[in-house]
Amino acid sequence: MPDVVVIGAGMVGAACAYYAAREGLTVTLVDRGSVAGGTTGSGEGNVLVSDKEPGPELDLAMLSCRLWTELASEAREVGGFEYEPKGGLVVAENDEVLRALTELAGHQGGSGVVARPVAADELADHEPHLAPGFAGGILYPQDAQVQPMLAAARLVRRWPGVTLRTGTEVTGILMEGGRVTGVRTATGDIPAGAVVNAGGTWGGEIAALAGVELPILPRRGFILVTEPLTGGPSGGPFVASGPLVRHKVYTAAYVTNVASDSEGLETSAVVEATQAGTVLIGASRERVGFDRTVSLPVLARLARQAVALFPALADVRAIRAYCGFRPYCPDHLPVIGADPRVPGLYHACGHEGAGIGLAPVTGLLVAQLITGAEPELDPEPFSPGRFAGAAAWTA
Amino acid sequence: MTAYDLVIVGAGPAGLAAAGVAARAGLRVAVLDAGARIGGQYFRQLPDGFNAARPGALHHGFSTFVRLREALGGADVLLGHRVWAVEHGPEGGFAVHCLEGREERARTVAAARLLIATGAYDRVLPFPGWDLPGVMTAGAAQALLKGNLVLAGRRVVVAGTGPFLLPVATSLAEAGAKVAGVFEAGGRFGLAPRALARPGKAAEALAYGYRLARRRVPYKGGRAVVAAHGDGELTHVTVAKVDADWRPYRGGYETIECDTLAVGYGFVPQLDLPAQLGCEIAGDADGGPVARVDRRMRTSVEGVYAAGETTGVGGADLAALEGVIAGRAVVADALGAPAAGDPEDPRMEARRRRLAGFARALLRAYPVRDGWMSWLRDDTLICRCEEVPYGRIKEVRDLGAADARSIKLLARPGMGWCQGRICGHAVARLAGEDPAPPRRPIAQPVRLGDLAAMDGRTLDDDT
């Protein structure tokens with residue numbers, strides 16, 4: 001019998017299993033699909049501090065950023081997961097936006113974020129192919145990128161105390177005397193001392209199996225992928241002058257969108273290159289339920305914004321597009337910690353678009369809470385208890 | 001921009017047949033095709049510059065093609081148009097987004113109704129050496145010959161499974177190539193009982209057999225090309241005697257010299273567009289996905305029809321028949337009366353059932369067996385676009401990638417230029433799955449500048 005069952009083998013579940021096993025616990029990690037088959041596999045692998053306002057989530061992100069560095073150096077000998085501390089460059093369309101951006105950067109500095117102002121005429125030093133006309137920007141060297149599917153897979157394999165069971169759907173939470181005692185799956189019961197809900201966008205459904213409500217909803221995001229720019233048929237022009245895109249580059253509008261509560265479509269291009277040679281263009285935000293129907297208008301909007309940032313992209317071809325469902329809570333904070341309503345049940349979900357970046361810190365906190373260790377950071381703002389007393393939450 | 005009553009994607013037998021029927025009934029019809037000439041893969045045409053005296057010499061059923069071409073009537077034929085996306089129009093109907101010509105000029109064609117007749121492409125299995133120059137699909141060898149009068153090689157081996165190998169080998173041999181052998185991985189006579197029920201087809205197969213025998217081309221069953229060799233280009237292949245599951249018998253190998261290998265393991269219907277529109281996709285007799293249609297060739301999405309290989313690989317005769325049925329159905333739905341004839345004409349219906357039944361029997365008689373996986377070595381490329389070797393697939397399976405999608409996410413097969421059209425079948429089978437319906441929101445690479453220009457634009461802006 002494992003000490004812990006973690007439900008969901010995405011990035012967050014993998015991190016929970018990793019840190020719990022590091023603490024000496026035995027872990028069974030179950031997923032109805034495969035490793036990294038849900039939202040983990042349909043994002044960009046962002047590890048960002050730049051897009052967060054000062055507050056509890058930024059504190060989480062700062063710690064997680066440091067954990068990612070540790071994980072990456074540990075994983076290097078087994079092949080790594082394309083961890084790249086490439087830094088983020090946020091550009092401002094005009095002086096007014098630049099003032100707001102600079103002010104935000106100042107506040108973020110208090111949380112430990114390194115933010116370097118970049119004057120308009122210095123932008124080209126950092127991004128030679130950036131369109132002219134921006135008022136300036138801020139460089140965030142701590143922003144990084146990982147290949148999240150590979151990262152999840154490697155973390156799962158790190159400790160022998162983790163047993164992975166894919167293709168295993170959890171159909172019920174076992175309870176005894178009001179306490180969680182394991183999970184029921186299509187292929188049998190797995191008793192355990194603690195159960196971690198790392199169900200991501202489907203975390204609300206897992207919570208419901210334990211009879212509690214967790215208000216997690218899907219937010220759809222599309223990503224466009226270009227042809228590889230090195231070695232591909234039209235890659236020539238960019239090889240000589242170095243990579244077309246060097247950092248994660250986005251406009252200040254992204255920061256306001258991240259914090260936005262709007263129901264409608266929002267897009268703000270985030271442009272970055274990958275080690276595979278492609279350029280990824282995110283990120284749209286729509287609340288349309290679990291609808292996978294491709295929306296050409298959304299792809300067109302993303303393309304327009306990306307070309308506005310990097311005019312040379314106009315002649316680069318998009319070859320793919322994919323979408324995923326980011327799990328969000330009404331207050332846009334993740335749910336991390338013990339559920340006061342059901343002893344033995346822990347939640348680790350609802351990270352919205354920041355799940356990859358925040359996965360390590362989430363795993364660490366959950367492991368510390370399960371073992372009764374002093375948490376490295378106050379988890380109270382993320383407590384599932386914040387939904388306990390509230391009136392029935394409705395979509 | 002005024003919309004066409006009917007836009008047909010694909011100018012092969014199905015598309016041409018439908019276009020003729022609908023145009024004659026007075027509908028405004030456009031036929032789009034990526035190729036430079038009409039005819040599709042089956043009736044692949046020579047460029048005009050060839051001034052061929054007997055353009056039909058390489059074609060089986062050329063008179064059918066001439067009839068279809070002449071029947072096109074007033075339909076607009078838009079060649080060199082590659083469709084990269086279709087979507088529902090803002091006020092009903094459909095927007096068909098194309099890239100025109102070598103310049104890839106972006107263009108959108110509006111349609112009240114849409115017929116998808118995009119055919120099929122070769123199903124490919126990887127094996128050691130399959131990426132050597134000189135190795136090509138059977139379909140490509142045939143296309144070179146029919147479309148460019150280019151003989152794929154001097155000394156050719158034809159291998160794979162299915163009845164298509166015979167006409168390929170025959171036309172190569174009769175065009176002057178030395179065909180060193182035709183190797184059918186399944187049984188040579190897998191179809192015999194069924195073929196007897198269709199004397200026409202049996203006679204056709206016999207005729208090919210006779211023409212091959214006359215040129216002393218060996219045709220052997222239970223044999224597969226399990227490796228291709230050469231330093232920089234193909235010089236020889238290893239042919240293995242294989243069991244019913246296509247695993248080589250110990251010691252049953254021979255080496256055959258050749259400069260060209262034409263290899264074909266059947267066909268995969270091109271389903272990007274029906275999948276984009278959300279049309280229901282079903283499993284065919286071989287487990288592969290096809291667009292589901294009713295007796296009138298209507299898909300599950302109103303206003304969208306499918307005909308030809310899109311509904312299941314069945315050959316040119318069936319495709320042309322389905323095109324006629326689809327054309328009649330479109331006319332009936334558009335005009336509210338079967339002005340072009342009854343789409344449910346019992347004689348056509350019976351003929352379709354017979355041809356489709358024969359096609360399904362072929363699929364069942366020539367299945368692809370999983371033994372091909374035993375031909376792989378760790379360094380055999382599975383995905384050529386992203387250069388993913390078999391060893392890498394095994395690695396990520398060990399990392400927990402339990403299905404085809406996770407294998408793709410972790411090892412990148414299918415993420416490159418061809419979008420998994422070539423390796424998709426192999427990766428699915430390596431994951432123990434039947435191939436899933438495609439999910440390609442961008443069916444052809446499109447310049448970001450062209451995509452960007454669509455932002456906020458309505459169909460009316462595009463003329």
Side-chain angles (χ1 to χ4, degrees), chain A residues 9 14 29 31 33-37 40-42 79 147-150 152-154 156-157 164 166-167 222 224-228 232-234 267 276 278-279 281 292-308 310-323, chain B residues 84-90 95 97 99 104 106 108 272 275-278 385-388 392 395-412 414-420 431-432 439-458:
Chain A
L29 176 60
D31 197 293
S34 196
V35 171
T40 298
S42 48
Q147 208 281 34
M149 296 76 84
L150 213 46
R154 294 247 188 264
V156 171
R157 278 285 178 266
L164 172 66
T166 53
F222 277 102
L224 267 173
V225 188
T226 70
E227 60 189 313
S234 62
T267 59
T278 58
V279 172
I281 300 165
R292 282 198 179 274
T293 315
V294 170
S295 163
L296 285 183
V298 175
L299 300 185
R301 178 79 49 90
L302 285 175
R304 184 170 61 74
Q305 292 175 343
V307 170
F310 292 94
L313 282 176
D315 285 323
V316 172
R317 292 172 187 81
I319 63 169
R320 295 193 282 130
Y322 57 90
C323 75
Chain B
W84 65 270
V86 285
E87 61 176 335
H88 288 275
H97 302 291
L99 300 167
E104 303 178 13
T108 298
D272 300 345
Q276 283 181 359
L277 289 166
C385 302
E386 292 288 323
E387 297 183 352
V388 183
R392 178 85 185 122
E395 258 173 62
V396 301
R397 276 199 310 216
D398 292 343
L399 275 173
D403 54 31
R405 177 165 179 269
S406 301
I407 289 175
K408 172 175 166 179
L409 289 174
L410 286 170
R412 303 191 60 80
M415 284 210 185
W417 266 92
C418 88
Q419 288 292 290
R439 204 189 281 162
R440 297 188 187 105
I442 299 174
Q444 299 280 336
V446 56
R447 278 191 293 248
L448 284 167
D450 292 330
L451 194 51
M454 282 170 57
D455 184 33
R457 193 187 61 175
T458 65

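In this text the structure is predicted, and so the values were computed from the model without any measurement. Every chain is numbered from 1 and lettered A, B, ... according to where its sequence line falls, protein lines coming before strand lines.
- Residue pairs meeting the salt bridge (charged side-chain N to carboxylate O under 4.0 Å, His left out) criterion with at least one partner in residues 292-308 of chain A, sequence neighbours excluded, are A:Arg301-B:Asp455, A:Arg304-B:Asp455.
- For A:Val156, no part sits under 4.5 Å from any heavy atom of chain B, backbone or side chain.
- Listed by chain and number, the residues in a side-chain hydrogen bond (donor to acceptor under 3.5 Å, both in side chains) with A:Thr278 are A:Thr274 (sequence neighbours excluded).
- Proximity to chain B (any heavy atom under 4.5 Å) is shown, for A:Ala321, by both the backbone and the side chain.
- Between A:Arg154 and B:Leu399, the shortest heavy-atom distance links the atoms NH1-CD1, 3.7 Å.
- Nearest heavy-atom pair across A:Leu150 and B:Leu410 is N-CD2, 3.4 Å.
- Proximity of a side-chain donor or acceptor of A:Gln305 to a complementary backbone N or O of B:Ala452 within less than 3.5 Å is not detected.
- Closest approach of A:Ile319 to B:Trp417, counting heavy atoms only: CD1-N, 4.3 Å.
- The contact between A:Val35 and chain B is made by backbone and side chain atoms together, counting heavy-atom distances below 4.5 Å.
- Within 6.0 Å of the CZ atom in B:Arg439, the count of heavy atoms belonging to other residues, nucleotides or ligands does not exceed 12.
- Here CZ of A:Phe310 is found 12.5 Å from CG of B:Leu448. Values are rounded to the nearest 0.5 Å.
- Scanning both residues, A:Ala318 and B:Leu451, for their nearest heavy atoms gives CB-CD2, 4.4 Å.
- To the nearest 0.5 Å, atom OG1 of residue A:Thr293 and atom CD of residue B:Glu87 are 12.0 Å apart.
- A distance-only check finds no donor-acceptor pair linking the side chain of B:Arg405 to the backbone of A:Ser34 [under 3.5 Å].
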I'd like to know whether A:Leu224 forms a side chain to side chain contact (heavy atoms under 4.5 Å, CB included) with B:Ile442, so could you lay out the CA-CA distance, the side-chain angles of the two residues, the decisive distance to 0.1 Å, and finally the verdict.
CA-CA 10 Å; A:Leu224 267 173; B:Ile442 299 174; 3.6 Å; yes
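- For A:Arg320, the parts lying under 4.5 angstrom from a heavy atom of chain B are both the backbone and the side chain.
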Walk me through it: do B:His97 and A:Leu296 pass the test side chain to side chain contact (heavy atoms under 4.5 Å, CB included)?
CA-CA 10 Å; B:His97 302 291; A:Leu296 285 183; 3.4 Å; yes
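- Using a 4.5 Å heavy-atom cutoff, the side chains of B:Val396 and A:Met149 are not in contact.
- A pairwise comparison of heavy atoms in A:Leu164 and B:Gly400 identifies CD2-CA, 3.9 Å as the closest pair.
- With a 4.5 angstrom heavy-atom cutoff, A:Ile281 touches chain B only via side-chain atoms.
- Contacts of A:Ser295 with chain B are absent, with no heavy-atom separation under 4.5 Å from either backbone or side chain.
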